[in-house]
Amino acid sequence: MSQDPLHLLVVETRFPGRLGAVADWMVRKRGCRVTFFCHQADPAPLWPEGTGKGLEVVSFNVGGVAREATVPWTRQLERGLCHAYGAWEVVESRRIRPVDVILGRSNGLGSTLFAPVSYPRAPVVNWFDYYYQARAMDLAEEDAPTLPAEYVQWRRSANAMDLLDLENGVVPWIGTHWQRDLYPPEYRDDFLVLHDGVDTRRFKPRDPTTPRLIGGREIPEGTRVVTFVSSSLDRLRGFDRFYRLAARVLAERSDVLFVAIGDPAVGRTLDVRFHGQNYPDALAKASPLPDPSRLWMPGTVPPNTVAETLAASDLHLVPSRTYPVARSLLEAMASGAVVLAWDAPPIHEVLKSGENAVIVQPEEVERKALEILADPGPFRPIGEAARRTVLDRYDRDETLSSLAETLNDLARGGR
Amino acid sequence: MNVLFIHQAFPAQFGRLSLELTKRYGWTCDFLVENLSSCPTPSAEMLERLKLYRIPTPTEARDQAPTPWPQIHAKYLGLCSAVFHAAEGIPDLKPDLIVGHGGRGSPTVFLPDLFDCPILNYCEYYFSTDPRSDISYRIDLPPANDVAPFFPRCINAPVLVALTNADGGYSATRWQKQSFPKRFHPKIEVQFDGIDTEIYCPKEGTPRVIAGRAIPKGTKIVTFVARGLESMRGFDVFMKVAARIARQRSDVLFVIAGNDHAYYGWDPLHVGQASFKSWVLDRVKHDPDRFLFTGQVSPEVLADILRLSDLHLYLTVPFVLSWSLLDAMACGCVVLGSDVPPVREVIDNGIHGLIEPLFDLDHLTETALRVLDDPATYKPLGNAARARMEADYSLDVCVPRLKDYFERMASRRLASALPDADV
């Protein structure tokens, strides 16, 4: 029997992760009760404000191979099953009743696979991220030809947990059509395509009467700020491209400050060459910048600092490889930043060159960047249009309202 | 046409089929196999006409202990890797088509990196989370709580990974195909492998000797055949029915062919000991002299046993149909089967055999006794069973259909349905 408001049970390996913001919004805007089961939690300053005020975080432990720091690629699913089992064990012991909807993330380690053992009648909605292609997308085209056969074999087998979740009765939920179309044709029609949105009140253009600050440091008048934001400063999101462009622009102009927000350690296992390494250090050793003091890398920062940085940006770079549209791109757009993006299929779902962004081929990037930095004025309408795009299509209040309706329908027994 | 078959064992599922493809159409059939079966063993003709290559058993697969369910997928990927490396080391392999057995996931997932040809999966079965099917059906046994809720939710991972990486697949029966998620049905055809109706056929004058024991002419023979004497094939139900029959008639000998091993399901968990057979025999009061256990036997011996059968019991749960049922029907046996969908696919009740609910011991016993009391009345059912096997399930019918199917599939490649790659 559904409650009004709903009680949601959320499973994701890390809190707040991807679903933390969703859970927080459901608590604050819809009055839901949320119990969030996670294996690990980020430091408290990174938690959303609803935590402890309707959003309860419960940790679960894992056993077996999931306790090991690294496992062979062939045991990736086993690791995921151990996580799903660990989550189930705590879910079962807490015996929370009633639960209206279960929300999970099918990224291999946050699966709700066994939650229905405890809640056989609760509908399950799972956020899906990415379906691996054997030799295409992300870094595969660059890496597959030179890496051992196991690299492609891992990719061919890496979708097992997603497939299990898709076959175990979840409502699959995904952020973009491009991501959805990576999945086998047999599954595509099942997906709810709905971006989880960005907080357009936090990410907004700077009040021009206030000083430009980044992490408490004031930006001198006349300085051009070029930004890059990613969870980690890695190849997948094109930090190498950003770095090379920075080297050329710094040599050309003395008034430019580059700011790259994100963890310098490569966190995504997709980058098998640099996983766990400090990638900016590796690039700097191979090719030092002309003036390293003009590349700020504050690491991982709280969301308000990201918002402050993007609002101070004159040019936001999106050099990502072919990979799902980053949340930071939408946040930059919401902030009214002028976005310069390397051409890649996923961004076309969001960006239209000349209207809400500038999309270029790799060989044109330097010329275009210098053109924008030389005279940002004519490009400002592009930033304003970008903000409108996000307000129209990716405003969290709108997208999550739509999700809330779906969850309500499911709790009432329909979809 | 050159077909590469991949299976754990040889000849098993593909041996006879490939021999027929070679003999009838001049095809070349190569095999990648882990081991040779001891029963049935490969024939001299098979070894002469077919090229066999061995897959080295992956280190982690050498352990004979049952694999814990969370590790099954890793074991499968180890086998995929072993198949890849074995194939990589055989430059003579130039297949136009690859056919992999998918009982536990076809180990063909990595082969697109070696061969530019279509890959088919033999889609044997997709485990269900529905408690009315396969491993969950035996609710009458002590529960296997440790695995029951979890196993069906993850055991299909190898099958799914294999099928999404394959160009197509085929199942032996409609029911097996329907066990797969509906979304995959357009990718799976129904193609039966073919029963050897020359070996499995009625034959007057078959000597009444089984396992060296002479069977008097007046003795009725009731048969039960399964690869393993286990709960999913209803061995315990058979013993209960047999014990009741034995109490009613003193002239019946029960002949049971099969290994003391549980190939499917959770029998050791259900009963708390390794041997389900022993567990059953300890609990069902019976006269050992009237029960003849032959172990696993060769096809020729099995055919002789079935020819002597006055009644064949096939008491499976809803699961992959056993070849032994079709072998018995091809031999003209009167079959009494469990009333489950895969059995109903081949037996129309009262026409090609008889069916009763699996758990209904009373009706199973009554029906069995009626057949034994009045064989002449039921003989037409055995004849109809034989006719059905000849018409729909024989090698002569099935091999040409499979040849057409393989040719169709060999001419196709998996259409790329991906969004644009990086520009």
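Chain identifiers are assigned alphabetically (A, B, ...) following the order of the sequence lines, protein sequences preceding nucleic acid strands; residue numbering begins at 1 within each chain.
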Closest contact, heavy atoms only, [X] versus [Y]:
X        : Y        : value
A:Thr74  : B:Leu77  : O-CD1, 3.6 Å
B:Pro112 : A:Arg156 : CB-NH2, 3.6 Å
A:Leu164 : B:Ala157 : CD2-N, 3.7 Å
B:Phe110 : A:Gln153 : CE2-O, 3.3 Å
B:Ala74  : A:Arg75  : CB-CG, 3.9 Å
A:Pro184 : B:Thr164 : CG-CG2, 4.1 Å

Checked B:Ile72, B:Asn156, B:Val109, B:Thr129 vs chain A; the most non-hydrogen pairs under 4.5 Å come from B:Val109
Heaviest contributor of heavy-atom pairs below 4.5 Å to chain B, chosen from A:Gly169, A:Ala140, A:Pro116, is A:Pro116
Short question: side chain of B:Arg153, backbone of A:Leu113 - any donor-acceptor pair under 3.5 Å? yes
Open item on the list: Side chains of B:Phe180 and A:Glu167, heavy atoms from C-beta outward: is any pair under 4.5 Å?
Closed with: no
Exercise for review: Check whether any side-chain heavy atom of B:Asp113 lies under 4.5 Å from a side-chain heavy atom of A:Arg135, and answer yes or no.
Suggested key: yes
Below 4.5 Å from any heavy atom of chain A, which atoms of [X] appear? Answer side chain, backbone, both or neither.
X        : answer
B:Tyr126 : side chain
B:Tyr76  : neither
B:His85  : side chain

From CA spacing to verdict: side chain to side chain contact (heavy atoms under 4.5 Å, CB included), A:Asn159, B:Val161:
CA-CA 7 Å; A:Asn159 301 306; B:Val161 169; over 6 Å; no
Given the rule in the side chain to side chain contact (heavy atoms under 4.5 Å, CB included) test, do B:Phe84 and A:Glu150 qualify, once you have shown the distances and angles that lead to the verdict? CA-CA 10 Å; B:Phe84 175 87; A:Glu150 281 75 10; over 6 Å; no
For atom [atom1] of [X], is the number of surrounding heavy atoms from other residues, nucleotides or ligands below 6.0 Å larger than 12?
X        : atom1 : answer
B:Arg54  : CZ    : yes
A:Arg121 : CZ    : no
A:Arg67  : CZ    : no

So which part of [X] gets closer than 4.5 Å to some heavy atom of chain B, the side chain, the backbone, both or neither?
X        : answer
A:Trp342 : neither
A:Ala149 : side chain
A:Tyr85  : side chain

Carboxylate-amine/guanidinium contact B:Arg183 A:Asp190, below 4.0 Å: yes
In this structure, CD of A:Glu186 is separated from CG of B:Leu160 (nearest 0.5 Å) by 10.5 Å
Taken to the nearest 0.5 Å, the spacing of B:Cys154 SG from A:Asn168 CG works out to 8.5 Å
